[in-house]
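Quick notes on the structure that follows.
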Amino acid sequence: MSKIHPTAIISRKAKLADDVEISQFVSVADGAVIKEGVNIGPFAVIGGNTTIGRNCRIFTGAVVGSIPQDLKYGGEQSFLEIGDNNVIREYCTLNLGTGEGGRTVVGNDNLIMAYSHIAHDCRVGNDCVIANNGTLAGHVTIEDKVVIGGLSAVHQFVRVGELSIIGGCSKAVQDIPPFSTCDGHPARVYGLNSLGLRRAKFSSDTIKALSHAFKVIFASGLSPQHAAAEIDTKGIPELSRLVDFIKGSKRGISRSARKYNV
């Protein structure tokens, strides 16, 4: 049975699974959908057109599904979709998409730490960590298993590739390549995320191939796009994903730091 505190305000047009737990002074708006196993802490606000997947935990004061902070927004119907097993810590803000039918989408198994912000039309993958006060501007794409350090900000329309790490207090204004470690103002590539790759059980051959590719891309003197065209992917899916990411970049790829190290 649902455990809903008597001070919570739940719209009759919201849909709640039978076993959700909602603490004191929570507000749930029209059109919200909250699935099985969700626990919502005190003073949280769940906006309309928001879907929260199974077994998510939302902590004190989080605002999930508020309208976008976008001057173009004119009240169109837009959405926020959150997957399963996410942890959304204290006072985070996650906005609806902007424009008619716009969607902000968060995948599964993510940890979004206190005071972080996910803006309109962002796409966040699976198994990501956004540390305290991490900020995603509108239309940002975060691929799987990304770590974004505390107090870091990602510029609108930037893509952050899988298994990359952005150091704390960084400013990402161009695309962050997959499998990289980045830091700085603006964020620069310092090398391959070797530790993350080993923890993700990548083979030694794949890590060596990615290490060589990083040297070609970031230490050859060629532009990342021209360097990517020189790489033989050798049937290694991770190499293909790295090359495709760079070739598909619209904002440009973050460049290497002055002292590049793979």
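- Taking hydrophobic clusters as Ile, Leu, Val, Met, Phe, Trp and Tyr residues chained together by side-chain heavy-atom distances below 4.5 Å, Val216 shares a cluster with Ile207.
- Ser180 approaches Phe214 most closely through the heavy-atom pair CB-CE2, 3.7 Å.
- Looking at heavy atoms from C-beta onward, Asn95 lies out of side-chain contact with Leu80 at the 4.5 angstrom threshold.
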Show your reasoning for whether side chain to side chain contact (heavy atoms under 4.5 Å, CB included) applies to Thr181 and Val189.
CA-CA 6 Å; Thr181 58; Val189 175; 5.9 Å; no
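- Contact check for Asn86 versus Val106: side-chain heavy atoms found under the 4.5 Å cut-off.
- Residues forming a side chain to side chain donor-acceptor pair (under 3.5 Å) with Asp30 (at least two apart in sequence, or on another chain): Ser11.
- One finds the OG1 atom of Thr135 at 9.5 Å from the CD1 atom of Ile148 (value rounded to the nearest 0.5 Å).
- Here Leu96 contributes atom CG and Gln69 contributes atom CD; the two are 11.5 Å apart, rounded to the nearest 0.5 Å.
- Each salt bridge (charged side-chain N to carboxylate O under 4.0 Å, His left out) pair with one or both residues in residues 122-143, not counting sequence neighbours, would appear here, but there are none.
- In this structure, Gly47 and Ala29 approach most closely via the heavy-atom pair C-CB, 3.7 Å.
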Could you go through Ile142 and Leu136, starting from their C-alpha distance and side-chain angles, then the distance that decides it, and tell me whether this counts as side chain to side chain contact (heavy atoms under 4.5 Å, CB included)?
CA-CA 9 Å; Ile142 306 294; Leu136 308 184; 3.9 Å; yes
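- Each ring-ring contact (aromatic ring centres under 6.0 Å, His included) pair with one or both residues in residues 222-256, not counting sequence neighbours, would appear here, but there are none.
- Contact record, Gln174 with Ile253: OE1-O, 3.6 Å, taken as the closest heavy-atom pair.
- Nearest approach of Asn110 to Cys128, heavy atoms of both residues: OD1-N, 2.7 Å.
- The closest side-chain heavy-atom distance from Ile10 to Leu16 is below 4.5 Å.
- When atom types are taken as modelled, the side chain of Asn193 and the backbone of Leu163 share a donor-acceptor pair closer than 3.5 angstrom.
- Checking side-chain atoms of Ser78 against main-chain N and O of Gly97 turns up a donor-acceptor pair under 3.5 Å.
- Atom-to-atom distance recorded for Ser203:OG and Glu238:CD is 7.5 Å, nearest 0.5 angstrom.
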Begin with the C-alpha distance, continue with both residues' side-chain angles, and end with the deciding distance and a verdict on side chain to side chain contact (heavy atoms under 4.5 Å, CB included) for Val64 and Ile82.
CA-CA 10 Å; Val64 179; Ile82 298 172; 3.5 Å; yes
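- Taking Ser220 as the reference, nothing meets the side chain to side chain donor-acceptor pair (under 3.5 Å) condition, with sequence neighbours excluded.
- Side-chain contact between Val124 and Ile118 is present, with heavy atoms from C-beta onward closer than 4.5 Å.
- In the hydrophobic clustering of this structure, Ile236 groups with Phe202; members are Ile, Leu, Val, Met, Phe, Trp, Tyr whose side-chain heavy atoms approach within less than 4.5 Å, directly or through other members.
- Rounding to the nearest 0.5 Å gives a distance of 8.5 Å between CD1 of Ile46 and OG of Ser27.
- Among pairs with a residue in residues 195-213, none fulfils salt bridge (charged side-chain N to carboxylate O under 4.0 Å, His left out), at least two apart in sequence or across chains.
- Both Leu94 and Val20 are assigned to one and the same hydrophobic cluster, defined by single-linkage of ILVMFWY side chains at heavy-atom distances under 4.5 Å.
- A heavy-atom distance below 4.5 Å is found between the side chains of Leu210 and Leu242.
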Is there a side chain to side chain contact (heavy atoms under 4.5 Å, CB included) between Asn55 and Asp84 once you walk through the steps?
CA-CA 6 Å; Asn55 303 315; Asp84 300 337; 5.8 Å; no
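- If you run side chain to side chain contact (heavy atoms under 4.5 Å, CB included) between Ile88 and each of Thr93, Ile52, Ile58, only Ile58 comes through.
- With a 4.5 Å cut-off on side-chain heavy atoms, Asp109 and Asn126 do not count as touching.
- Within the structure, every pair that satisfies the side-chain hydrogen bond (donor to acceptor under 3.5 Å, both in side chains) test and touches residues 39-53, not counting sequence neighbours, is listed here: Glu21-Asn39.
- Under 3.5 Å, the side chains of Asp175 and Ser249 contain a donor-acceptor pair of N or O atoms.
- Listed by first then second residue, pairs satisfying ring-ring contact (aromatic ring centres under 6.0 Å, His included) with a partner in residues 41-91 read Phe25-Phe43, Tyr91-Tyr115, not counting sequence neighbours.
- Here Leu192 contributes atom CG and Ser211 contributes atom OG; the two are 6.0 Å apart, rounded to the nearest 0.5 Å.
- Side chains of Ile34 and Ile40 form a contact here, defined as non-hydrogen atoms less than 4.5 Å apart.
- Applying the side-chain hydrogen bond (donor to acceptor under 3.5 Å, both in side chains) definition to pairs two or more places apart or across chains, those involving residues 156-172 are Glu162-Arg241, Ser170-Asp183.
- Among residues two or more places apart in sequence or in another chain, the salt bridge (Lys or Arg N to Asp or Glu O under 4.0 Å) test is passed with Arg57 by none.
- The closest side-chain heavy-atom distance from Val28 to Ile9 is not below 4.5 Å.
- Annotation: ring pair (Phe, Tyr, Trp, His ring centres under 6.0 Å) contacts of His117 (sequence neighbours excluded): none.
- Linking Ile, Leu, Val, Met, Phe, Trp and Tyr residues whenever their side-chain heavy atoms come within less than 4.5 Å places Val243 and Ile217 in a single cluster.
- To the nearest 0.5 Å, atom CD1 of residue Ile166 and atom OG of residue Ser152 are 6.5 Å apart.
- Nearest heavy atom pair, residue Gly125 against residue Asp144, reads CA-OD1, 3.4 Å.
- Taking both residues in full, the closest heavy atoms of Cys182 and Ala187 are given as CB-CB, 4.4 Å, listed atom of the first, atom of the second, then distance.
- In this structure, His120 and His139 have perpendicular ring planes: the angle between them is above 60°, well past the 30° mark.
- Applying the salt bridge (charged side-chain N to carboxylate O under 4.0 Å, His left out) definition to pairs two or more places apart or across chains, those involving residues 32-52 are Glu36-Arg54.
- Atom CG of Leu195 is surrounded by more than 12 heavy atoms from other residues, nucleotides or ligands within 6.0 Å.
- Under the 4.5 Å side-chain contact rule for hydrophobic residues, Ile231 and Phe179 share a cluster.
- Among residues at least two apart or in separate chains, salt bridge (charged side-chain N to carboxylate O under 4.0 Å, His left out) pairs with a member in residues 69-83 are Asp70-Lys72, Glu81-Arg103.
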